[in-house]
Trainee: 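The structure under discussion is supplied below as structure tokens; questions concerning it will follow.
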Amino acid sequence: MEADRKMDKARIKEQVEIIRQAFGYINHFKNETFVIKIDSALISNNLFPVLIKDLTLLHSMGIKIILVPGAKTRINDVLKAYNIECPVVNGIRVSSPEAIPFIKMAAFDVSNNVMTMLAEHETSAIIGNWVKAKGIGVRGGVDFQNSGVVENLQIGILRKVLDEGLIPIFPNIGWSAKGKPYNLSSSELAFTLSVQLKASKLFFVNEHGGIKAQGFKIPQDAYVSEDGTISQLTSVQAGEFLDLNQEMEHSAGEDEQRTLISYAYRACKKGVRRVHIIDGLTEGMLLQEIFSSKGFGTMVYSNQHENIRPMTIADIPGVLSLMQPKIQEGALVERTTADLNERLGDYAVYEVDGTLHACGALHLFNEERTGEIAAIVVDETFASRGIGRKMMSYLIEKATKMRLNSVFVLTTQTADWFLQLGFVISTVDELPIQKRETYNKNRNSLILKYPISQERNKSEPGVD
């Protein structure tokens with residue numbers, strides 16, 4: 001019974017944290033613009049109505065939604081029905097003048113279906129001809145005929161549509177100044193919309209989920225989840241990913257993934273804060289990616305998604321909550337609000353979008369020019385991401401800048417981890433006098449020391 005109660009409390013705590021995170025994100029994203037490209041394969045799937053429901057929920061929260069539904073599957077079906085062949089060269093459909101009326105019909109058919117499903121949830125949407133396009137022309141000896149690229153968008157009209165509370169829907173069709181229709185890439189259209197509208201987020205919602213590491217060369221320090229998905233890339237890492245895999249031969253599916261990283265990289269370089277590549281066939285994945293700090297697809301980001309910063313008074317309740325499980329395990333000495341207030345400047349926190357996931361402290365002993373690194377705690381849901389190492393690196397760098405000679409730690413359960421980071425075994429006699437006098441012999445903590453060279457700079461190895 002006692003074990004069941006503990007499990008119930010753990011579940012309640014987890015649910016409360018999810019709710020807190022969600023409310024924080026709702027306030028953060030209100031009036032922000034999200035451009036969402038939906039792969040055509042999802043639109044005929046049984047779970048697509050659930051995705052539509054989630055989109056209407058986002059819209060009701062005050063997020064400005066722009067939809068770009070892919071129409072590849074529907075176009076293929078229509079062209080096959082009318083016995084029209086349009087070869088695909090380097091991933092681009094050669095759209096003949098004979099085929100373009102049917103391509104246009106299929107594209108608008110998909111957009112109309114999406115608009116109808118939104119209306120079923122009492123959400124107003126509008127389809128417009130807001131895209132000016134031009135022909136691709138001849139590339140590598142191939143005339144792409146009525147296949148085009150985005151030349152310009154009617155941004156002023158779009159902003160008015162968004163301000164009126166409507167969801168604009170973009171078929172993958174654009175027109176020249178003389179009214180000639182062109183078949184466009186839905187992904188390129190979504191990319192251009194996100195850049196020109198200065199969207200905070202661009203989503204590529206597909207049937208495969210995030211980018212899989214298998215088959216690719218991965219930049220150093222890129223985080224790969226347990227299922228093999230590249231979870232996060234900074235814009236710099238995304239550029240490295242493209243360079244590393246530029247000359248490699250890949251399957252068609254891998255080429256598509258590489259293309260998505262290219263769009264994400266260029267979008268971030270042009271001001272879009274984050275690009276998400278996610279699975280549309282898993283129920284609720286869009287909401288999970290937006291309202292959870294963990295995320296389940298691939299995110300490419302240009303702003304500082306994760307950062308370590310000094311603790312503030314407002315952080316103290318969150319830090320105490322973070323510490324509590326480790327205190328109960330006996331791995332951490334208990335601290336109070338008064339303790340943290342008294343040493344506020346010693347603490348740092350690791351924050352992801354307003355939610356605390358780790359903490360640590362550097363306590364100074366000025367006479368001996370040394371410091372104690374203490375209270376290193378990482379939220380269990382983030383434990384595999386190397387955040388403890390990042391926190392240690394931050395605190396050691398802080399000690400270096402303060403020109404300390406060394407830092408030490410007291411630990412009962414994690415000595416091996418500290419030894420891997422470059423710490424060495426030390427003794428009570430080597431502790432600062434003040435710490436030696438208060439050393440708890442009953443707790444019998446191991447003492448480990450990390451020497452700091454005055455010449456060492458933060459780019460040198462030690463803890464990474």
Trainee: Tell me, please, which residues at least two apart from Asp416 pass side-chain contact (heavy atoms from CB on, under 4.5 Å).
Mentor: Leu419

Trainee: Determine whether Ile313 and Asn341 make a side-chain contact, defined as any pair of heavy atoms from C-beta on separated by less than 4.5 Å.
Mentor: yes

Trainee: Does the side chain of Leu158 come within less than 4.5 Å of Gln196's, by heavy atoms?
Mentor: no

Trainee: A side-chain contact here means heavy atoms from C-beta on lying under 4.5 Å apart; do Leu42 and Leu281 qualify?
Mentor: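 Yes, side chains in contact.
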
Trainee: Report yes if some heavy atom in the side chain of Leu55 is under 4.5 Å from a heavy atom in the side chain of Ile38; otherwise report no.
Mentor: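 In contact.
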
Trainee: Looking at Met391 and Val349, what are the two nearest heavy atoms and their distance?
Mentor: CE-C, 3.9 Å

Trainee: Could you state the interatomic distance from OG1 (Thr192) to NZ (Lys270), rounded to the nearest 0.5 Å?
Mentor: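 It is 9.5 Å, given to the nearest 0.5 Å.
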
Trainee: Quick one, Thr370 with Leu404, criterion side chain to side chain contact (heavy atoms under 4.5 Å, CB included). Give me CA distance, side-chain angles, the key distance, then yes/no.
Mentor: CA-CA 5 Å; Thr370 190; Leu404 300 186; 5.8 Å; no

Trainee: List in chain and number order the residues that pass side chain to side chain donor-acceptor pair (under 3.5 Å) with Arg309, two or more places apart in sequence or in another chain; answer none if no residue qualifies.
Mentor: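 Applying side chain to side chain donor-acceptor pair (under 3.5 Å) to Arg309 gives Asp315, Glu351.
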
Trainee: To the nearest 0.5 angstrom, please state how far the CE atom of Met299 sits from the CD1 atom of Ile230.
Mentor: 13.5 Å

Trainee: With sequence neighbours excluded, give me every side-chain hydrogen bond (donor to acceptor under 3.5 Å, both in side chains) pair touching residues 197-212.
Mentor: Lys201-His276, Lys212-Thr229

Trainee: Could you grab the distance from atom CG of Leu410 to atom CG of Asn440, nearest 0.5 Å is fine?
Mentor: 10.0 Å

Trainee: With sequence neighbours excluded, give me every salt bridge (charged side-chain N to carboxylate O under 4.0 Å, His left out) pair touching residues 323-335.
Mentor: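 Non-adjacent pairs meeting salt bridge (charged side-chain N to carboxylate O under 4.0 Å, His left out): Lys326-Glu329.
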
Trainee: Any salt bridge (charged side-chain N to carboxylate O under 4.0 Å, His left out) involving residues 425-438? Give me the pairs, sequence neighbours left out, ordered by first then second residue.
Mentor: Glu372-Lys435, Glu430-Lys449

Trainee: Do Leu189 and Lys37 have side-chain heavy atoms sitting under 4.5 Å apart?
Mentor: no

Trainee: Taking the side chain as every heavy atom from C-beta outward, state whether Asp39 and Val205 have any pair of such atoms under 4.5 Å apart.
Mentor: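 No. Closest side-chain heavy atoms not under 4.5 Å.
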
Trainee: I'd like to know if the side chain of Thr298 and the backbone of Ile211 have a donor-acceptor N/O pair within less than 3.5 Å.
Mentor: yes

Trainee: Donor-acceptor check, side chain of Glu32 to backbone of Phe29, threshold 3.5 angstrom: yes or no?
Mentor: no

Trainee: Are Lys72 and Arg93 packed together at the side-chain level, in the sense that at least one heavy-atom pair is separated by less than 4.5 angstrom?
Mentor: yes

Trainee: Could you check whether any side-chain N or O of Asp339 sits under 3.5 Å from a backbone N or O of Thr336, counting only pairs where one atom can act as donor and the other as acceptor?
Mentor: yes

Trainee: Identify the two heavy atoms, one from Ala190 and one from Val35, that lie closest to each other, and give their separation to 0.1 Å.
Mentor: O-CG1, 3.6 Å

Trainee: In a check of side-chain contact (heavy atoms from CB on, under 4.5 Å) between Pro168 and each of Ile66, Ile65, Leu193, which one passes?
Mentor: Ile66

Trainee: Please name all residues satisfying ring-ring contact (aromatic ring centres under 6.0 Å, His included) with Phe365, sequence neighbours left out, ordered by chain then number.
Mentor: Phe408

Trainee: What distance do Cys359 atom SG and Leu322 atom CG have between them, rounded to the nearest 0.5 Å?
Mentor: 5.0 Å

Trainee: With rounding to the nearest 0.5 angstrom, report the CG to CD1 distance, Leu260 to Ile277.
Mentor: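 If I round to the nearest 0.5 Å, the distance is 5.0 Å.
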
Trainee: May I ask you to decide if Ile396's main-chain N or O and Thr400's side chain share a donor-acceptor pair within less than 3.5 Å?
Mentor: yes

Trainee: Does Arg258 reach the side chain of Glu254, with side-chain heavy atoms less than 4.5 Å apart?
Mentor: no

Trainee: What closest approach, in Å, do Ser445 and Thr412 show between heavy atoms, and which atom pair accounts for it?
Mentor: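 Distance-wise, the nearest heavy atoms are OG-CG2, 3.6 Å.
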
Trainee: Working to the nearest 0.5 Å, report the span between CG of Leu118 and CG of Leu67.
Mentor: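 Result: 6.0 Å between the selected atoms.
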
Trainee: Do any N or O atoms from the side chain of Asn45 and from the backbone of Leu47 form a donor-acceptor pair under 3.5 angstrom?
Mentor: yes

Trainee: Quick one: does Glu289's side chain have a donor or acceptor within less than 3.5 Å of a partner on Gly297's backbone?
Mentor: yes

Trainee: Quick check against the 3.5 Å criterion: does Thr414 have a side-chain atom that pairs as donor or acceptor with the backbone of Trp417?
Mentor: no

Trainee: Output all residues satisfying ring-ring contact (aromatic ring centres under 6.0 Å, His included) with Phe191, sequence neighbours left out; order by chain, then residue number.
Mentor: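 Phe191: ring-ring contact (aromatic ring centres under 6.0 Å, His included) contacts with Tyr263.
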
Trainee: Using only atom types and a distance under 3.5 Å, with no angle test, would you say the side chain of Ser60 pairs donor to acceptor with the backbone of Leu57?
Mentor: yes

Trainee: Please find the pair of heavy atoms, one from Phe241 and one from Ile218, that lie closest to each other, and give the distance.
Mentor: CE1-CD1, 4.3 Å

Trainee: Suppose the criterion is salt bridge (charged side-chain N to carboxylate O under 4.0 Å, His left out): which pairs have a residue in residues 46-70, not counting sequence neighbours?
Mentor: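 For residues 46-70, and leaving out neighbouring residues, the salt bridge (charged side-chain N to carboxylate O under 4.0 Å, His left out) pairs sorted by first residue read Lys64-Asp163.
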
Trainee: Give a yes or no on whether the backbone of Asp255 and the side-chain of Thr259 come within a donor-acceptor separation of less than 3.5 Å.
Mentor: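 Side chain of Thr259 to backbone of Asp255, a donor-acceptor pair under 3.5 Å: yes, one is there.
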
Trainee: With sequence neighbours left out, what residues match Asp279 under side chain to side chain donor-acceptor pair (under 3.5 Å)?
Mentor: Thr282

Trainee: Tell me every residue that passes side chain to side chain donor-acceptor pair (under 3.5 Å) with Thr427, counting only those two or more places apart in sequence or in another chain.
Mentor: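 Partners of Thr427 by the side chain to side chain donor-acceptor pair (under 3.5 Å) criterion come out as none, since no residue qualifies.
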
Trainee: Yes or no on side chain to side chain contact (heavy atoms under 4.5 Å, CB included) for Tyr265 and Val236, after CA distance, side-chain angles and deciding distance?
Mentor: CA-CA 8 Å; Tyr265 169 71; Val236 172; over 6 Å; no

Trainee: Minimum heavy-atom separation for Ala267 to Val275, with atom names?
Mentor: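 Looking at all heavy atoms of both residues, the shortest contact is CB-CG2, 4.0 Å.
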
Trainee: Looking at the rings of Tyr394 and Tyr350, which for Trp means the six-membered one, are their centres under 6.0 Å apart?
Mentor: no

Trainee: Scan residues 312-347 for pairs that pass ring pair (Phe, Tyr, Trp, His ring centres under 6.0 Å), counting only residues two or more places apart or in two chains.
Mentor: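 Ring pair (Phe, Tyr, Trp, His ring centres under 6.0 Å) check on residues 312-347 returns Tyr347-His363.
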
Trainee: Test of understanding: with side chain to side chain donor-acceptor pair (under 3.5 Å), list the residues that count as partners of His59, not counting sequence neighbours.
Mentor: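 Scan of His59 (side chain to side chain donor-acceptor pair (under 3.5 Å), adjacent residues dropped) gives none.
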
Trainee: Is Asn172 reaching over with its side chain to a backbone N or O of Ser185, donor-acceptor style, under 3.5 angstrom?
Mentor: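 The answer is no, because no donor-acceptor pair under 3.5 Å joins these two groups.
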
Trainee: Apply side chain to side chain contact (heavy atoms under 4.5 Å, CB included) to residues Leu58 and Leu287 and explain how you reach the verdict.
Mentor: CA-CA 8 Å; Leu58 294 176; Leu287 299 183; 3.8 Å; yes

Trainee: Could you pull out the closest heavy-atom pair between Gly210 and Gln257, with the gap in Å?
Mentor: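 Smallest interatomic distance, heavy atoms only, reads O-OE1, 3.9 Å.
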
Trainee: Going through the checks in order, is the side chain to side chain contact (heavy atoms under 4.5 Å, CB included) test met by Val149 and Leu184?
Mentor: CA-CA 6 Å; Val149 294; Leu184 307 175; 5.5 Å; no

